[in-house]
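We name chains A, B, ... by the order of the sequence lines, and we start the count at 1 in each one.
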Amino acid sequence: MPELPEVETIKRELLPHVKGKVITGVEIMRPATVRGMAPEEFKGCLTGRQIINVERHGKYLVFDLDNGEYLAMHLKLSGSLWVKKSESEVPNYIKVVITLDDGEKIFFRDPRGFGRMWLVNDVCEITDKLGPEPLSPDFTPEVLAERLDSKGAPIKSVLIDQAVIAGIGNMYADEILYDAKINPTRPASSLSLAETERIYKAIKRILPQAIASKGASVQDYFRPSGEEGMAQFNFKVAHQRKATCNCGGPIERIVVRGRGTYYCPNCQK
DNA sequence: ACCACAACCTGGCCGC
DNA sequence: TGCGGCCAGGTTGTGG
């Protein structure tokens, strides 16, 4: 499912196809995917707009339009964006199609139907809800320590709180905590400075490594080309049902604040 | 301010 | 083998 590395990969691979292109048509197969306005109004607002840039904010994908507005998307659990010339090249479950002036089409594919897109006047409407970008130079061990210090909730659920840090979801939180050798149930505020620094280093290692592997194709994530990512082959615990850790002990699955959580009880005491 | 939980959705898994 | 039931997952909204 798309988290920061997957959305970042989509952004990078989509950009050369859409930058500077003009939207010539919008088809909406599933009206509920478009939020905030009626489908016809949404089509009217987008048609004729030039795409200036594509940004990622946390797990949100944002298209900068030439009239100063933004087309925002959230892929949620199963969304992906495919760039093809025609529908026949794309699997089913297409909810929205955006046609560009060079004949290419952006297909919003979303089997589960949780994904959303909407227009915003100011990108702050999205970024105001989000904590710092973990791959930004501004994100330092001190920033992380300060943001964890006041949270009594389990570190696992704090790491996936988008208001604390933007972009980390269920599977990368498990990988980060395994890398840092921290038990996912530990209260965030109970972590020592050394432990927080281990988490910091794990974030700065795991996320770029996953981006380098073009994201993790578990469930319904695909790249805009339709290809799969490879990051899941580096996973040590996430989604590793009935697997064995390098230490020889079993990877276990527990539920933390309602989220399935994989970890090694031996390595993450 | 904090936490818990339902709702959204459907493919895939589990148990019978 | 086939069928029904139910779970996962990010975010929002509601209620305690």
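Taking the side chain as every heavy atom from C-beta outward, A:P154 and A:R257 approach each other to under 4.5 Å. Between A:K214 and A:M230, every side-chain heavy-atom pair lies at or beyond the 4.5 Å cut-off.
For the pair A:Y221 OH and B:dG11 P, the computed distance is 21 Å after rounding to whole Å. The nearest whole Å value for the distance from the CZ atom in A:R253 to the P atom in B:dC14 is 11 Å. For the pair A:L77 CG and B:dG11 P, the interatomic distance rounds to 14 Å; values are reported in whole Å. Counting to the nearest Å, the C1' atom of C:dG10 and the CG atom of A:D174 are 15 Å from each other. Rounding to whole angstrom units, CG of residue A:L4 and P of C:dG10 are separated by 13 Å. Atom CZ in A:R257 sits roughly 16 Å away from atom P in C:dG10 (whole-Å rounding). The nearest whole Å value for the distance from the NZ atom in A:K156 to the P atom in C:dG10 is 8 Å. Across the protein-nucleic acid pair, A:D161 atom CG and B:dC3 atom C1' stand 12 Å apart, rounded to whole Å.
Residue contacts shown for A:R35 are absent, as no nucleic acid heavy atom lies under 4.0 Å away.
Note on A:V18: it clusters hydrophobically with A:F42, by side-chain heavy-atom contacts below 4.5 Å among ILVMFWY residues.
Taking the six-membered ring for Trp and thresholds of 30 and 60 degrees, A:H239 and A:Y262 have ring planes inclined between 30 and 60 degrees apart.
Of all the heavy atoms in A:P134 and A:F139, the pair that sits closest is O-CD2, 3.2 Å.
In this structure, the side chain of A:Q232 does not engage the main chain of A:V218 through any donor-acceptor pair within 3.5 Å.
Here A:Y93 reaches the OP1 or OP2 of B:dG11: one of its side-chain N or O atoms lies under 4.0 Å away.
Looking at A:K21 and A:D101, no side-chain N of the basic residue comes within less than 4.0 Å of a carboxylate O on the acidic one, giving no salt bridge. A salt bridge is absent between A:E197 and A:K201; no separation between the charged side-chain nitrogens and carboxylate oxygens falls under 4.0 Å.
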Practice problem: If a protein heavy atom is under 4.0 Å from the base, mark B; if only from the sugar-phosphate, S; if neither, -; do that for nucleotides 11-16 of chain C going 5' to 3'. | Solution: BS----
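With sequence neighbours left out, A:L130 forms a side-chain contact (heavy atoms from CB on, under 4.5 Å) with A:H57, A:Y60, A:I126, A:Q162, A:A166.
Defining each end axis of the helix from B:dC2-C:dG16 to B:dC16-C:dG2 as the rotation carrying four pairs' C1' atoms onto the next four, with five pairs an end, the two axes are found to diverge by 60° to 10 degrees.
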